[in-house]
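Below is one structure; the comments refer to it alone.
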Amino acid sequence: MAFQLRSKDGCVIKRNDKDIFGSDSVEIKIEQLDEKEMTFIAAASTEDEDRSKDIIHQSGWDLSNFRKNPVVPLNHNYYSLPVARSVRTWVSKTKGSKLMFKPKFDPDDDNAKATFNKYKNGFLTSFSVGFIPHDVKYRDEENWWNSGREFFQYLK
């Protein structure tokens, strides 16, 4: 489900006067887990239809702004310290189109360590991405409320 991100006081979070959206991700499979380095590889987003019938086309990612400061906040909380940073972010075409990333969790932060362990132990099983949509269409213009949206181009 793509949704507007909101701060703790309920205000919509904006960047350059545009709403920032988040989207639920499908359940992920963690690969190449490294406990010593506190890293793994996972899909942050796929082209699978989510529970609100939204689809994010992975070819539309513009990661240039994200790569300037590739932080991973917990639960889209942009007002708190991040729990990890992405040491690598890319769109994979070999395993189906997916936005892949390799988060490195902060070993000196108890919240980051706890979050890493939640993923490692299977208590957290998905990710959600935040983005600013630039090209979005309803999947069914006549039934837009129930049809979901397709996102074609966005800034992470």
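Computed from heavy atoms alone, side chains included, the values below leave out hydrogens, waters and symmetry copies.
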Full working for side chain to side chain contact (heavy atoms under 4.5 Å, CB included) between F116 and K118: CA-CA 5 Å; F116 174 79; K118 295 294 183 190; over 6 Å; no

N65 and I132: CA distance, side-chain angles, deciding distance, side chain to side chain contact (heavy atoms under 4.5 Å, CB included) verdict: CA-CA 11 Å; N65 189 55; I132 301 170; over 6 Å; no

Derivation and outcome, side chain to side chain contact (heavy atoms under 4.5 Å, CB included), residues I30 and I41: CA-CA 6 Å; I30 291 174; I41 292 176; over 6 Å; no

S59 vs V91, side chain to side chain contact (heavy atoms under 4.5 Å, CB included): CA-CA, chis, key distance, verdict: CA-CA 7 Å; S59 61; V91 176; over 6 Å; no

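Here the CG-CZ distance, from D62 to R67, works out to 9.0 Å after rounding to the nearest 0.5 Å. Between atom OG1 of residue T89 and atom CG of residue L63 there is a gap of 6.5 Å, rounded to the nearest 0.5 Å. Rounded to the nearest 0.5 Å, atoms OG1 (T46) and CE (M100) are 11.0 Å apart. To the nearest 0.5 Å, the span separating OG1 on T115 from CZ on F105 amounts to 6.5 Å. Atom OG of S97 and atom CD1 of I56 lie 11.0 Å apart (nearest 0.5 Å). Taking CG of D108 as the reference point, atom CG of D106 lies at 5.5 Å (rounded to 0.5 Å).
A pairwise comparison of heavy atoms in A43 and K98 identifies CB-CD, 4.0 Å as the closest pair. M38 and A112 get closest at one heavy-atom pair: CE-O, 4.3 Å. When all heavy atoms of V87 and K104 are compared, the closest pair comes out as CG1-CB, 3.9 Å. In terms of heavy atoms, H76 sits closest to S128 at NE2-OG, 2.7 Å. Closest heavy-atom contact between Y78 and G130: OH-CA, 3.9 Å. Taking every heavy atom of both residues into account, P82 and V71 meet most closely at CB-CB, 3.8 Å.
The aromatic rings of F127 and F101 lie perpendicular to each other, with more than 60° between the two planes, well past the 30° mark. In this pair, F40 and Y119 present their aromatic rings tilted. The plane angle is within the 30 to 60° band.
A side-chain donor from one of Q58 and S45 sits under 3.5 Å from a side-chain acceptor of the other.
I55 and F131 are not part of a single hydrophobic cluster, where members link through side-chain heavy atoms under 4.5 Å apart.
Each of E31, E37, E35 was checked for a side-chain contact (heavy atoms from CB on, under 4.5 Å) with L33, and the lone residue meeting it is E35.
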